[in-house]
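Structure first, commentary second.
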Amino acid sequence: MSRARRLPEPTRPLPPAAPAGNGAHPTLTLVQGNEACARGALAAGCRFFAGYPISPSSEIAELMARELPGCGGVFLQMEDEMASLGAVLGASLGGARAMTATSGPGFSLMQEHLGYASLAEIPCVVVDVMRGGPSTGLPTLPAQGDVMQAQWGSHGDRAAVVLAPGGVAEMLELTRVAFELAERLRTPVVVLADEVIAHMREGMRLPDASQAPPPPRPGPAQPPGPAFAPYRPNAAGVAELPAFGRGYRFHVTGLMHDERGRPTSDPVVAAALLDRLERKVAPAVDLVPADTYRLADARVVLVAYGITARIARAAVDALRDQGVPAGLWRPRLLWPVPEQAMAQALAGAELVVVAEMNRGQWAREVDRVLGPGVPSAPCLKAGGSVITAEELTQHVLGARARTVAP
Amino acid sequence: MNTEKRLLRPDMMPHMLCPGCGHGIVFEAMLRVLDRRFATLDQVVFVAGIGCSSRIVGYIDAGTLHTTHGRPLTFATGLKMARPELTVIVVTGDGDGLSIGGNHLIHAARRNVDLTCLLFNNEVYGMTGGQAAPTTVRGAYTSTTPGGNRETPFDAARLAEAAGATFVARAQSYRPQLFEGILEQALDHRGFAFLEVLTDCTEYFGRTNRLGTGVDLLQSQSRAEPAIGVDLAARPTLRPVAETAVRPTLPMGVFHQSRRPTLAEALGVGGGGDELAR
C-alpha cells in the first residue's frame, strides 16, 4: 500500500539522551508525571496508543499523539474508552506493544475489555490516573478510589496486576515495568496513578531515547499446524499467543476455552483455566518489591502508596522527631496483594496505619493479611484532598495513645 | 468437500446454527468466495462480536478473533493499524453492530478503516432468545415486544453510508449468488466496505410471528425485490402482507462506492506492514 499522505513530522522530537553531567550531579529534566508515564511507555517500545480524552490523564494521550508518528507508531483517538481498549487489544494481537490511559469514569468503561484481555491473555498496559468519584465525581481532584475496581471491577474472578507509582520518576519506571510484566505474563497490567503524581513536576533523568526498542514478543515454542494449541501454557503457566498472520491460524475468544482455544462449558476446564490465570500472575509479587522508609526498627508502621506515601514519609520524620519509632512500608504492587512480604515487613508492629485517599479499600486487604492480632488504625480521607502530613501525624499519635500501652 | 476441509475447523463442529437459519446459507456462500480468493487464510483475520452470526468465525480455519458484544470493529481497527497487510473481515449482527456496537460502526465508517464489515441482519436477538432488535420491523412480535414492536428500525446501509463508509451494499440469503458477487466487490474495495445481508431467524422470529418454515421465510425475502417476487397470497404460510411484520421492500446491490484515504493511508502507516510489531 502506498503512503498516500504523510503526517507532518512531530512538532517536538524525542528528547535527546540526558547528558551524563559531571558524574556526581547528572543533569535532570523537569518532568510532569503524565509525561514521565508516556516517556516510559515509549522507552518500553510502546508503538500503539488508543485513548479517549479525560482529565487528569489527557497529557499522556497528547504526548503520545505528538511522539508516536515520529517513531513509527500509531496514535488513535477513539470514540470512547471501550473502543480505546478494544483497539489496543487488536493492535496487541497484531504483535504491537500497546497501551491506553484514562481516569475513573473511563476506567469503569474499560472493565469489560480488561476482563477480556485477562481471559484471552492479551498483553497491554492501562494507565488509570485516579480522580475523585463515584461517577463524574471530582474532575479533577485527587483520590485513590479505584483500588478495588482495578482488581474487581470486571465481572468474574479476574487475576489483576496493578502497579502504584509513588513519584514522577516512578511513573516512568513502573510504566516500563508494566510493559515488561504484560509481555512476560501475557496479561493486562494497570498503572494506578493519582492526580497529584500525574500532574506534579519533578527533576529526573529521562531514558536514552536512541536506545533500540525491545525485541519483538516471542512466539510460541510449538510449530504451527493442525495440532497447534495457542493456550497450552509454558512452564510458567503462561500461554504465549503468536501474533495474527505469522503462520499460525488460531481462535481467540472471551468464552471459556480449552488449550486449543475452542469454546467450552466444561466446569473442570473452566476452573482449571481460572486457577492457571491466577497462578501465572503470582510472580509479579517478587518482581515489584515494596519500598521502605526508616522501617528497620519501626514499631509503628505506616502503609501507603502513591502520593499518600510521599506524604507519609514526612509524617514518619515528624513522628520520629517526637520519639515515635515510625516507619513506612510502601507497596508498589497493589494486586496481587504481596501478602508474604507484607506480613514479613509488618511482623512485630505494635500499630499499623494504612493511609489512603478512599474509604478503606486497601486497608481491608492489610487487615485481612495481618489478622486481628495486629492493632490497625487506618487514616482515610475521601472527597478530593490529600491527607496532609500533619493530619497523618496527629492520627498516628492519637491511635497510638489508644492502642499502645505506654 | 475439499473446500470444507481446507477452510473449516472440523473439531469445532457441529455448528450451533438452528435448522433453517439463514446464516448457514450466507456462511456457505462466504466459504465459496474465500475458496476462490485465497490460496491460504494465513493472512486473513476474521473479527466478530457476540451473537449467532459472530459465532461462525470460529468455524473458519483462519486467524479468528471472537471479541466482546458490539466491539469487533474496535479490535479490528487496532489490528489493522498494527498489521495493515492483513485482510480483516468483521462479522457482526444487527444487535451487535447496530445496537450495542452502533457507535463503533459509525466511527469505523467515518475513519474508513480498510476492512470488510459483514452485518448479518435477521431482525432479532437470536442467541438470547428472540428479543427485539433495532432492526425489528414495526408490529413484529418478539419476546420483548409482546404487543408488537412500536419502534422504527434502522436502515443499516443508509446509516453506514451517511457515516462515511466508502462501499455500501445489501444482499440477502435468498440469493446467495448475488451475495457472493457483492462480497467479492467488498473484498476488492480499499476502505471501509459495509455489506448488510438479510437472513432469517426461524426459531425465534419465524415462529413467534407464525411466518412458517425456514423455506417460507427465505421465499418471503423475495418480496425485497419486486422483479422476482412470488405471489404471497398464493402461499398462506408466508408473511401476511396485510398484517405487518414483514420487511418493507428493500433494494439490493451496491448502493455506494467511493475512494478516499483509508485510516492507514491518512496516518501514513502501511508501507511494508509489520511496522509496529518489530
Side-chain angles (χ1 to χ4, degrees), chain A residues 1-7 45 47-48 50 68-69 72-76 78-80 82-98 112-113 115-116 120 212-217 224 226 242-255 257 260-263, chain B residues 9 11-12 40-45 47 50 55 57-58 60-88 103-104 106-108 110-111 114 190 261-278:
Chain A
M1 194 180 293
S2 64
R3 284 166 186 261
R5 246 169 52 198
R6 280 298 305 180
L7 283 183
R47 290 296 177 268
F48 184 87
L68 275 175
V74 170
F75 169 89
L76 286 183
M78 297 300 287
E79 55 270 25
D80 60 34
M82 297 170 281
S84 300
L85 191 47
V88 162
L89 298 181
S92 181
L93 284 165
R97 293 190 171 208
E112 175 190 28
H113 282 162
Y116 185 90
R217 188 181 301 158
F244 276 129
R246 292 206 200 284
Y248 291 87
R249 298 191 296 272
F250 57 100
H251 187 54
V252 177
T253 178
L255 290 163
H257 46 267
R260 303 205 56 200
R262 313 297 200 237
Chain B
R9 292 173 171 146
D11 56 328
M12 291 284 275
T40 162
L41 295 181
D42 280 2
Q43 297 292 301
V44 183
V45 181
V47 186
I50 298 295
R55 284 298 280 270
V57 303
I60 309 170
D61 193 18
T64 55
L65 175 56
H66 179 224
T67 70
T68 51
H69 195 19
R71 329 243 178 258
L73 283 166
T74 69
F75 284 71
T77 300
L79 177 62
K80 193 68 191 176
M81 289 303 99
R83 302 288 297 284
E85 80 279 14
L86 297 179
T87 298
V88 174
N103 195 32
H104 307 310
I106 58 175
H107 285 278
R110 174 180 67 80
R111 292 189 180 100
D114 181 23
R190 196 197 294 174
T262 67
L263 181 61
E265 287 165 348
L267 296 180
V269 296
D274 262 23
E275 299 194 348
L276 307 190
R278 274 183 297 255

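Naming: A, B, ... by sequence-line order, numbering from 1 per chain.
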(request) Heavy atoms only: give me the nearest Arg83(B)-Ala243(A) pair and the separation to one decimal. (result) NH1-CB, 3.7 Å
(message) Does any backbone or side-chain atom of Ile106(B) lie under 4.5 Å from a heavy atom of chain A? Answer side chain, backbone, both or neither.
(response) neither
(message) What part of Ala50(A) gets within 4.5 angstrom of chain B, counting heavy atoms only: side chain, backbone, both, or neither?
(response) neither
(request) Output the distance between atom CG (Asp11(B)) and atom CZ (Arg262(A)), rounded to the nearest 0.5 Å. (result) 4.0 Å
(request) Compare every heavy atom of Ala82(B) with every heavy atom of Ala91(A), then report the nearest pair and how far apart it is. (result) O-CB, 3.6 Å
(message) With a 4.5 Å cut-off on side-chain heavy atoms, are Glu79(A) and Thr74(B) touching?
(response) yes
(message) Report which part of Tyr116(A) has an atom under 4.5 Å of a heavy atom belonging to chain B: side chain, backbone, both, or neither.
(response) side chain
(request) Rounded to the nearest 0.5 Å, what's the gap from CE on Met82(A) to NE2 on His69(B)? Could you check? (result) 12.0 Å
(message) In the structure I gave you, are the side-chain heavy atoms of Arg55(B) and Leu255(A) within less than 4.5 Å of one another anywhere?
(response) yes
(request) Among the options Ala62(B), Gly70(B), Gly63(B), pick out the one with the most heavy-atom pairs lying under 4.5 Å from chain A. (result) Ala62(B)
(message) Please classify the contact of Leu86(B) with chain A as side chain, backbone, both or neither, using a heavy-atom distance under 4.5 Å.
(response) side chain
(message) As an exercise, state the distance from CG of Asp42(B) to CZ of Phe244(A), rounded to the nearest 0.5 Å.
(response) 12.5 Å
(request) Return the minimal non-hydrogen interatomic distance between Gln43(B) and Gly245(A), and the atom names on each side. (result) NE2-O, 2.9 Å
(request) Enter the distance from His251(A):NE2 to Arg9(B):CZ here, rounded to the nearest 0.5 Å. (result) 6.5 Å
(request) Sort out for me which residue in Thr64(B), Val45(B), Thr40(B), Val44(B) forms a side chain to side chain contact (heavy atoms under 4.5 Å, CB included) with Arg249(A). (result) Thr40(B)
(message) Among Asp61(B), Thr77(B), Asn103(B), which residue has the highest count of heavy-atom pairs closer than 4.5 Å to chain A?
(response) Asp61(B)
(message) Nearest 0.5 angstrom please: Leu85(A) CG to Arg71(B) CZ, how far?
(response) 11.0 Å
(request) Would you check if Arg47(A) and Met81(B) make a side-chain contact, meaning some heavy-atom pair closer than 4.5 Å? (result) no
(request) Let me know if Leu76(A) has heavy atoms under 4.5 Å from chain B in its side chain, its backbone, both or neither. (result) side chain
